[in-house]
2 protein chains.
Amino acid sequence: MFSKACKYAINSMIFLATLPEGEERIGLKDIATAINSPEAFTAKILQALVRENLLESIKGPNGGFQISEVGKKVTLHRVVQVIDGDSVFTGCALGLQECTEKRPCAAHHKFKAIRDHLTGMMMTTTLEDMANGIRQGVSYLKY
Amino acid sequence: MFSKACKYAINSMIFLATLPEGEERIGLKDIATAINSPEAFTAKILQALVRENLLESIKGPNGGFQISEVGKKVTLHRVVQVIDGDSVFTGCALGLQECTEKRPCAAHHKFKAIRDHLTGMMMTTTLEDMANGIRQGVSYLKY
DNA sequence: ATATAAAAGGATATTTTTGTCTTTTATTAT
DNA sequence: ATAATAAAAGACAAAAATATCCTTTTATAT
């Protein structure tokens with residue numbers, strides 16, 4: 001469904017969203033540990049999230065990453081879009097180049113319902129929603 | 001969502017399912033042309049479908065592939081399972097190793113609904129359904 | 001029997017994704 | 001100013017997915 005890079009991105013964002021007011025900044029190492037991801041690879045992904053303003057980063061001692069104001073309000077949909085693009089939301093499930101209402105693939109209408117469901121869910125689920133589950137201990141970031 | 005191999009598999013199966021009674025056998029080249037896929041790669045995929053008895057193959061002149069009795073009755077779900085396994089139906093969307101009702105990832109319940117929807121659709125959509133759309137010219141296999 | 005056709009099988013190549021390592025840049029504290 | 005810290009950037013490496021090529025096996029037709 002999503003690339004590993006995208007999963008790391010989502011989990012990183014959720015983790016950063018769980019950090020309490022005033023202690024929002026945290027280093028790469030701690031993020032990678034918290035979500036159980038390879039550190040250097042995670043760094044690349046965080047860079048992309050910084051470029052898209054979902055995160056802020058500060059170099060040097062006591063540096064690290066923190067969720068931005070934009071990032072705080074963002075949905076799952078946006079995070080996926082930044083890392084994987086929106087092919088998962090709009091691409092043809094059977095791989096046709098041109099797959100439209102007028103010239104649909106064999107599974108177009110069946111998959112349209114699924115994709116609409118997925119897109120709707122992703123556009124209405126915020127990082128805050130998911131961070132709350134983690135904070136309350138009803139859901140988890142690793143293992 | 002699905003690997004390219006899996007898309008080629010689905011499209012091949014649909015194409016083979018559209019062939020009329022008595023003219024069911026057709027060569028690799030024609031299949032690859034019909035679905036616009038790389039020939040040799042498609043061959044590998046068809047071999048896997050033969051191994052799983054969704055297709056039959058005959059070597060030599062006038063040889064080729066044809067859909068088996070099993071294959072005729074099969075659902076999209078089964079084709080995907082043969083090529084991609086069922087991680088798309090059962091795997092954790094956020095990549096957690098252990099993601100269960102008791103120890104869910106942050107998005108578990110949201111994705112459960114999507115996956116149930118997807119799985120349900122795939123288990124009830126047969127190749128025949130999709131072949132009919134192609135035969136009637138209301139859906140397409142390439143471009 | 002022989003030549004031909006077509007899939008099977010295996011080796012190899014390419015591309016994409018994932019992952020690591022090293023150097024550079026920015027920031028902080030001494 | 002200097003040393004230390006941490007992210008950014010870029011080069012490189014490994015693994016997986018995709019794709020091709022070559023040889024072998026099986027069947028058909030002459």
Interatomic distance, [X] [atom1] vs [N] [atom2] [rounded to whole Å]:
X	N	atom1	atom2	value
A:Ile35	C:dG19	CD1	P	11 Å
A:Glu39	C:dT20	CD	C1'	11 Å
B:Leu16	C:dA7	CG	C1'	14 Å
B:Phe41	C:dT16	CZ	P	13 Å

Is the shortest heavy-atom distance from the side chain of B:Asn132 to the side chain of B:Val138 under 4.5 Å?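 Not touching, per the 4.5 Å side-chain cut-off.
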
So, do A:Leu127 and A:Lys72 sit near enough that their side-chain heavy atoms are less than 4.5 Å apart?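 No, every pair of side-chain atoms sits at 4.5 Å or beyond.
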
Those residues of residues 46-62 of chain A lying under 4.0 Å from DNA chain C by at least one heavy atom: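 Result for residues 46-62 of chain A: A:Lys59, A:Gly60, A:Pro61, A:Asn62, sorted by number.
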
Can you hop from A:Ile26 to A:Ile58 via hydrophobic side chains spaced under 4.5 Å?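 Different hydrophobic clusters.
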
Angle between ring planes, A:Tyr8 versus A:Phe41, binned at 30° and 60°: parallel, tilted or perpendicular?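 A:Tyr8 and A:Phe41: perpendicular rings.
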
Would you kindly compare A:Ser3 and B:Leu28 by the position of their nearest DNA chain C nucleotide and give the one closer to the 5′ end?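 Its nearest nucleotide lies further toward 5', so the answer is B:Leu28.
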
Remember a base hit wins even if backbone is also touched, and classify A:Lys44 as base, sugar-phosphate or nothing at under 4.0 Å, heavy atoms.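 Here A:Lys44 touches the bases of the nucleic acid.
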
Quick check on the helix from C:dA1-D:dT30 to C:dT30-D:dA1: what's the angle between its two end axes, five base pairs per end, to the nearest 10°?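 That helix gives 0° between its end axes.
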
What are the 5'-most and 3'-most nucleotides of DNA chain D lying under 4.0 Å from any heavy atom of chain B?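 First and last nucleotides in contact are D:dT18 to D:dA29.
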
